[in-house]
Amino acid sequence: MTDGARSATPPGLTPREVATHCPYCALQCGMTLREDDAGVTVLPRQFPTNRGGLCQKGWTAAELLDHPERLTTPLVRDPATGALLPASWDTALERVVAGIRAVQDNAGRDAVAVFGGGGLTNEKAYALGKFARIGLRTRHIDYNGRFCMSSAAAAGMRAFGIDRGLPFPLADLGRADTLLLVGANPAETMPPLVRWLTEQRRNGGQLIVVDPRVTATARQADLHLQPLPGTDLAVANALLHIALTEGWVDRAYVADRTSGFDAVRRGVAAWWPARAEQLSGVPVADLEATARALGTGGRVIILTARGAEQHAKGVDTVTGYVNLALALGLPGRDGSGYGCLTGQGNGQGGREHGQKADQLPGYRRIDDPAAREHVAGVWGVPADELPGPGVPAYQLLDSLGTPGGPRALLVFGSNPVVSAPRAARIEGRLRDLDLLVVADLLLSETAALADVVLPTAQWAEEDGTMTNLEGRVLRRRALRPPPPGVRTDLAIIADLAARLATAETPATQPPAARPPGTEPTSTGPAGTRPEAVAAARFPAAPAAVFAELRRASAGGAADYAGISWDRIDANDGVYWPCPTEDGPDTPRLFADRFATPDGRARFHAVDHRPAAEEVCATYPLHFTTGRVLAQYQSGTQTRRVAALRRAAPEAFVELHPDLATRLGIDDGDPVRVTSRRGEFSAPARLSAGIRPDTVFAPFHYAGAGRANSVTNDALDPISGMPEFKICAVRVEKA
């Protein structure tokens, strides 16, 4: 049993087991949870994605179930002392409702915003989007998945007409003759996936990694390209240039299945390998070897991840690699294709069903009249009552508390004080709010600023579904109920909706202005109490929410209509789209056509442009961020697990020994990293595996070691993705 896996259970407990999935990354490894007198134990489970393997985070996941820092009662800030004090659920929820009413009466519906998370189940993501749009009637909802895969999603939509991280099963990786990973480090971010990389190389395949650092994944590669951060698009265009020159483009595929190639061909003509080498630092010989492996391999897969995507030109960078894949005829070919490695546990499903500012369930656009009619019909409201699109995550966070911006924010499953770029600025925005409400299982750095904190259930205490990086919909099963005093997110949303419905008032009309004797408005049948309508509209049972989600998604790009919990149980998950219960699901996309009106994939000409912020005499170094093996996201959970804390106890700054010598820094010295936006401090870690012009730090830590204090909030104009992966800094001994 791992450290902390024991929990307080009654003596003589009948052993209980459930088959479920890891609460962390989008690989969603299968595991079994067993509870007996000794506590809760994590056991390996044979499942297609991980085949019995788990990483250290998965093995220790049960430690949080009875963690001493776990929240088990609501907290409400005392206006007299400023302290967060325990309160009843009635007191806490009435404080939330009163705050929402006051803000919306004074400043309109859009003065309240919602911020969700990529770790929420499909049911919770769906309910949260629905609650924002018909419970609060606000257009302002987005989620932290905007910081994860949004650039790849936008690139996939404009090229293929659909966004699914992997349009083929994960097992295809093990069969690839050539596998190109761009900005991906699965050996640390999702270690069980490495089994497929090992199998690929054992079968004679070639693994090529593009990364500015010699990561644990890069060390396993046959060829490692080490570009300057922010130059991945130049590399992609040079690879396509070589493929064209050498005759490796599949011209029949391009003619039969795509459009727009001529503009791309003309654009990459200027990206001869020597030019790309001068800009990126990747030698011409390595570019040529990579292009040859891609152009002459039988089964070829190109994957991108955050290293390529978290840039102000992330959509164009991913598009460059999509263009390369299309030119080689990969998408839709058995064993080949382009894909994206999703990061968060439900980063895929979390955006499909309504957490994104511009989307409705089923991956429908909120500005599409037909989509609005369909979803409004499921929700039982007129389509014209649905709000329009909001703004992407960072723009939403940066507008909080400003003139015309939201004055109240409800946060579910996210910790933007640590995870947002230019984090000190966002922390200040949160402090400027009239009302901040955070639902979480632990007192995160964001929850510590809240006016109301609502304790929520954990992954092992609620049923639901998740959608992994393959588009495979999986079942999360409850081992036991939440502790006394703790509620599920669905129960919280349902209760808030009911309370708001009992005093529903048009935001432009204060209560006193209603005609005497009139009751609060309701769209329910005559004589139906508003709270009853709210309860019907916002069920707290996950199965009921999923049944409604299926109807709301029917006919959309992400169609779950044919996916039932029983079908998931019988088949190790079900791939969307799956429109009918008796019809097939779709483990592989694009075999016959793409999801565009004419069935053809779209090329888009894209050109390299510099990073939003370039180095200068004052800030002479490139800074980039990423993850480490033992921590996850903002670290709210993993920093509290004893074994993980021992493995990765604090932030660090990785720099090349030559750079350290120039700066007079020894290994372990405290150093300060400063950008135009802020600074953080951490011990130096010297490594010859990083470029001498680049420094790296993990982003999991808070306080003085918060790497996102310095990151750039420049945004991709299409996806709204911030430029996490490159900014200009200076480094000095602290």
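Note that the numbering runs from 1 along the sequence shown for the chain.
- Here the closest heavy-atom approach between residue Ala714 and residue Ala612 is recorded as CB-CB, 3.5 Å.
- Looking only at distances, a side-chain donor or acceptor of Glu613 sits under 3.5 Å from a matching main-chain atom of Ala728.
- For the pair Arg109 (side chain) and Thr138 (backbone), a donor-acceptor distance under 3.5 Å is absent.
- Between the side chains of Thr711 and Glu723, no donor-acceptor pair of N or O atoms lies under 3.5 Å.
- A donor-acceptor pair under 3.5 Å links the side-chain atoms of Arg306 to the main chain of Cys148, judged by distance alone.
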Quick one, Thr402 with Asp432, criterion side chain to side chain contact (heavy atoms under 4.5 Å, CB included). Give me CA distance, side-chain angles, the key distance, then yes/no. CA-CA 8 Å; Thr402 63; Asp432 289 340; over 6 Å; no

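- For the residue pair Gln104/Arg407, the side-chain donor-acceptor check at 3.5 Å is not satisfied.
- Within the 3.5 Å criterion, the main-chain N or O of Arg639 finds a donor-acceptor partner in the side chain of Gln631.
- Ring geometry, Phe538 versus Phe131: the interplanar angle exceeds 60°, so the pair is classed perpendicular (tilted spans 30 to 60°).
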Give the intermediate values and the outcome of side chain to side chain contact (heavy atoms under 4.5 Å, CB included) for residues Gln633 and Arg627. CA-CA 8 Å; Gln633 299 300 86; Arg627 301 183 190 176; 3.0 Å; yes

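- Test Arg691, Arg213, Arg685 against Glu654 for salt bridge (charged side-chain N to carboxylate O under 4.0 Å, His left out) and you get one pass: Arg213.
- Residues Asn712 and Ser675 have side chains not in contact (no heavy-atom distance under 4.5 Å, counting atoms from C-beta outward).
- In this structure a side-chain-to-backbone donor-acceptor pair under 3.5 Å is missing from Asp398 to Tyr394.
- Of the possible donor and acceptor atoms, one in the side chain of Thr231 sits under 3.5 Å from a partner among the backbone N and O of Leu228.
- Listed by chain and number, the residues in a ring-ring contact (aromatic ring centres under 6.0 Å, His included) with Phe724 are Phe147 (sequence neighbours excluded).
- With Asn708 contributing its side chain and Pro416 its backbone, the two residues share no donor-acceptor pair below 3.5 Å.
- Looking only at distances, no side-chain donor or acceptor of Arg351 sits under 3.5 Å from a matching main-chain atom of Tyr363.
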Side chain to side chain contact (heavy atoms under 4.5 Å, CB included) between Thr624 and Ile726: does it pass, once the steps are laid out? CA-CA 5 Å; Thr624 191; Ile726 182 171; 5.8 Å; no

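- Using a 3.5 Å distance cut-off with no hydrogens or angles, the side chains of Thr319 and Arg158 do pair a donor with an acceptor.
- With sequence neighbours left out, Arg672 forms a side chain to side chain contact (heavy atoms under 4.5 Å, CB included) with Thr674, Glu679, Ser681, Glu732, Ala734.
- Between the side chain of Arg730 and the backbone N or O of Ala617 there is no donor-acceptor pair closer than 3.5 Å.
- Annotation: Tyr560 is not in aromatic contact with Tyr126 [ring centroid separation under 6.0 Å not met].
- For Arg425, the CZ atom sits in a packed shell: over 12 heavy atoms of surrounding residues, nucleotides or ligands are nearer than 6.0 Å.
- The minimum heavy-atom distance linking Val114 with Ala132 is given by the pair CG2-CB, 4.0 Å.
- Using modelled atom types and a 3.5 Å distance limit, the side chains of Thr446 and Ser444 yield no donor-acceptor pair.
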For side chain to side chain contact (heavy atoms under 4.5 Å, CB included), just list the numbers for Asn122 and Asn346, CA-CA rounded to whole Å, side-chain angles, deciding distance to a tenth of an Å, and then say yes or no. CA-CA 8 Å; Asn122 289 318; Asn346 202 30; 3.1 Å; yes

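- Residues satisfying the ring-ring contact (aromatic ring centres under 6.0 Å, His included) test with Tyr632, not counting sequence neighbours, are Tyr24.
- Using a distance-only test at 3.5 Å, with no hydrogens or angles considered, no donor-acceptor pair links the side chain of Tyr338 to the main chain of Asn323.
- Once rounded to the nearest 0.5 Å, the distance linking CG of Asp316 with CG of Asp607 reads 9.0 Å.
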